[in-house]
Protein chains: 2
Amino acid sequence: MPEHKHAAYFQLFNEIAILEQLSRALLEARLPNGIIAPHFAVLNHLIRVQDGRTPVELARAFQVAKTTMTHTLSGLEKHGLIELRANPDDGRSKRAWLTDKGRQMRQKAIEDLMPEFEKMADTITLDNVESVLPHLTKLRMFLDRSRDI
Amino acid sequence: MPEHKHAAYFQLFNEIAILEQLSRALLEARLPNGIIAPHFAVLNHLIRVQDGRTPVELARAFQVAKTTMTHTLSGLEKHGLIELRANPDDGRSKRAWLTDKGRQMRQKAIEDLMPEFEKMADTITLDNVESVLPHLTKLRMFLDRSRDI
DNA sequence: TCATATTAGTACGATGTCGAATTAAATAGG
DNA sequence: CCTATTTAATTCGACATCGTACTAATATGA
């Protein structure tokens, strides 16, 4: 692969890094005080995949250190958005359960974000998103796999 | 926009957040000890755009707080990868200049990453990257603009 | 020209993330 | 079984990022 072809891959990761920062800022401006993007991401995951996940499962899903997930979950618990209960299947482990307050907070945040998505749709249509997503997902899965090895 | 259509935008930002983490880890594993992704990103920017940028320009380019850029630049300077000199056009300001060591370190890091891009090309081809990039760039520019307002 | 507002950079304190080390529970192998 | 290894979660220390407050220099505009 010649030099100039690497440039495209480079640029891709550069855009991803900046997009991550911008979208995090956009999101956090619409979340209650003290709630940050990782909190919201965990709430979403617990809705999408089902709650009752363990901290290690969540850390893997988001590719963060498990110490980081401990910290994130304790923040969610302190705000009453989740409950951590012992895992009956494994005495070392815990499971995270959404509270009503957690579900409501997430729902409200999503509603507050809808106008942003509407505005965005002029720049990147739903068709665009749907054409881009599979490539990013494949790349994410590839990087995920190659990390484990 | 109905509920299920938001899901695609949601998923897009979710993938971006995870990709950012994975690619940062991939990169930092190939950088010298003490050099982190933001250092590398600044070196790249100084090559691509031209060195002689001011800290504020760099902070805007990466959408980070200017205090963060101060910290990043002082790290780069401490490692001898850039030099900060007074800006003759503005007594409040400085300009960042690449050193030979900085250019060499960046070049080596890029060469060390090439095999990774080669492997990646099976998952996401150059054509894929080139089809995805314009959408991400437009989205980044949109978010960038709407932040300023 | 001079007072006011804005801008560039930094110091500081708070907090998020990470890696290494630790403890307790589960698993594997003899 | 029983010991050695692995795994889940946490504590701790290091450091990156951020917002606020500050200083110095520049720009504005009456």
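Keep in mind that the numbers below use all heavy atoms, side chains included, and drop hydrogens, waters and symmetry copies. Residue numbering restarts at 1 for every chain, and letters A, B, ... go by the order of the sequence lines. What you see is a predicted model, and the numbers here were worked out from it, not measured in a lab.
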**Q** Can you pull out every salt bridge (Lys or Arg N to Asp or Glu O under 4.0 Å) where at least one residue sits in residues 65-81 of chain B? Sequence neighbours excluded, please.
**A**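 Qualifying pairs: none.
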**Q** Tell me, do A:Glu118 and B:His6 make a side-chain contact under 4.5 Å, heavy atoms counted?
**A** yes
**Q** State the CG-NZ distance between A:Leu143 and A:Lys138, to the nearest 0.5 angstrom.
**A**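 So the gap between those two atoms works out to 13.0 Å.
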**Q** Could you give the CD-to-P distance, from A:Glu28 to C:dT15, as a whole number of Å?
**A**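 The answer, rounded to whole Å, is 14 Å.
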**Q** Let's go through A:Asp89 and A:Arg95 carefully: what are the C-alpha distance in whole Å and the side-chain angles of both, what is the deciding distance for salt bridge (charged side-chain N to carboxylate O under 4.0 Å, His left out) to 0.1 Å, and is it a yes or a no?
**A** CA-CA 10 Å; A:Asp89 303 334; A:Arg95 292 190 179 278; 3.5 Å; yes
**Q** Take the protein atom CG of B:Asn33 and the nucleotide atom C1' of D:dA14, then report the distance between them rounded to whole Å.
**A**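 From B:Asn33 CG to D:dA14 C1': 14 Å.
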**Q** For the helix from C:dT1-D:dA30 to C:dG30-D:dC1, what angle separates the axis at the start from the axis at the finish, each from five pairs, in steps of 10°?
**A**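 The end axes of the helix from C:dT1-D:dA30 to C:dG30-D:dC1 are about 30° apart, to the nearest 10°.
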**Q** Could you tell me the separation between the CZ atom of A:Arg60 and the C1' atom of D:dA9, rounded to a whole number of Å?
**A** 13 Å
**Q** Take atom NZ of B:Lys78 and atom P of C:dT10, then tell me their distance rounded to the nearest Å.
**A**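 After rounding, the gap between these two atoms is 15 Å.
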**Q** Donor-acceptor pairs under 3.5 angstrom involving side-chain atoms of residues 41-48 of chain A: please list them, not counting sequence neighbours.
**A**
from: A:Asn44; atom 1: OD1; to: A:Arg106; atom 2: NE; distance (Å): 2.6
from: A:Asn44; atom 1: OD1; to: A:Arg106; atom 2: NH2; distance (Å): 3.3

**Q** Sequence neighbours left out, what pairs pass salt bridge (Lys or Arg N to Asp or Glu O under 4.0 Å) with at least one residue falling in residues 17-27 of chain B?
**A**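 Found B:Glu20-B:Arg24.
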**Q** Taking only N/O atoms, report every protein-nucleotides 24-26 of chain C pair under 3.5 Å with atom names and distance.
**A**
from: C:dA25; atom 1: O3'; to: A:Gly91; atom 2: N; distance (Å): 3.4
from: C:dA26; atom 1: OP1; to: A:Gly91; atom 2: N; distance (Å): 2.8

**Q** Once salt bridge (charged side-chain N to carboxylate O under 4.0 Å, His left out) is applied, do any residues pair with B:Asp127, and if so which ones, sequence neighbours excluded?
**A** none
**Q** Can you find a heavy atom in the side chain of B:Met120 that is under 4.5 Å from one in the side chain of B:Leu26?
**A** yes
**Q** With A:Lys108, which residues qualify under side chain to side chain donor-acceptor pair (under 3.5 Å), at least two apart?
**A** A:Asp112
**Q** Taking atom C1' of D:dT23 as reference, at what distance in whole Å does atom NZ of B:Lys94 sit?
**A** 13 Å
**Q** Between B:Leu133 and A:Ala8, what is the shortest heavy-atom contact and its length?
**A**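 Shortest heavy-atom contact: CD1-O, 3.6 Å.
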**Q** Report each atom pair, protein N/O against N/O of nucleotides 15-18 of chain D, whose distance is under 3.5 angstrom.
**A**
from: D:dA16; atom 1: OP2; to: B:His71; atom 2: NE2; distance (Å): 2.8
from: D:dC18; atom 1: OP2; to: B:Ala65; atom 2: N; distance (Å): 3.1
from: D:dC18; atom 1: OP2; to: B:Thr68; atom 2: OG1; distance (Å): 2.6

**Q** Without decimals, in angstroms, what is the distance between B:Leu76 CG and C:dG9 C1'?
**A** 16 Å
**Q** Roughly, in whole Å, what's the span from CD in B:Glu57 to P in C:dT7?
**A**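 Answer to the nearest Å: 15 Å.
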**Q** Among residues 40-51 of chain B, which contact DNA chain D at a heavy-atom distance under 4.0 Å?
**A** none
**Q** Please set out all donor-acceptor pairs under 3.5 angstrom arising from side-chain atoms of residues 11-19 of chain B, sequence neighbours excluded.
**A**
from: B:Glu15; atom 1: OE1; to: A:Arg140; atom 2: NE; distance (Å): 2.7
from: B:Glu15; atom 1: OE2; to: A:Thr137; atom 2: OG1; distance (Å): 3.0
from: B:Glu15; atom 1: OE2; to: A:Arg140; atom 2: NH2; distance (Å): 2.8

**Q** With sequence neighbours excluded, what pairs up with B:Glu57 under the salt bridge (charged side-chain N to carboxylate O under 4.0 Å, His left out) test?
**A**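 Per chain and number, B:Glu57 pairs via salt bridge (charged side-chain N to carboxylate O under 4.0 Å, His left out) with B:Arg53.
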**Q** What about A:Lys66: does its side chain form a donor-acceptor pair under 3.5 Å with the base of D:dA9?
**A**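 Between D:dA9 and A:Lys66, which were checked side chain against base, a qualifying N/O pair under 3.5 Å is present.
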**Q** Only counting residues at least two apart or in another chain, list the ones meeting side-chain contact (heavy atoms from CB on, under 4.5 Å) with B:Pro134.
**A**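 Expected list: none.
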**Q** Closer than 4.0 Å, any side-chain N/O of A:Ser93 to the OP1 or OP2 of D:dA9?
**A** yes
**Q** Measure the distance from CD on A:Glu77 to P on D:dA9 and round it to the nearest whole Å.
**A**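 Spelled out: CD on A:Glu77 to P on D:dA9 is 13 Å.
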**Q** Can you tell me how far the CZ atom of B:Phe40 sits from the CG atom of B:Leu31, to the nearest 0.5 Å?
**A** 6.5 Å
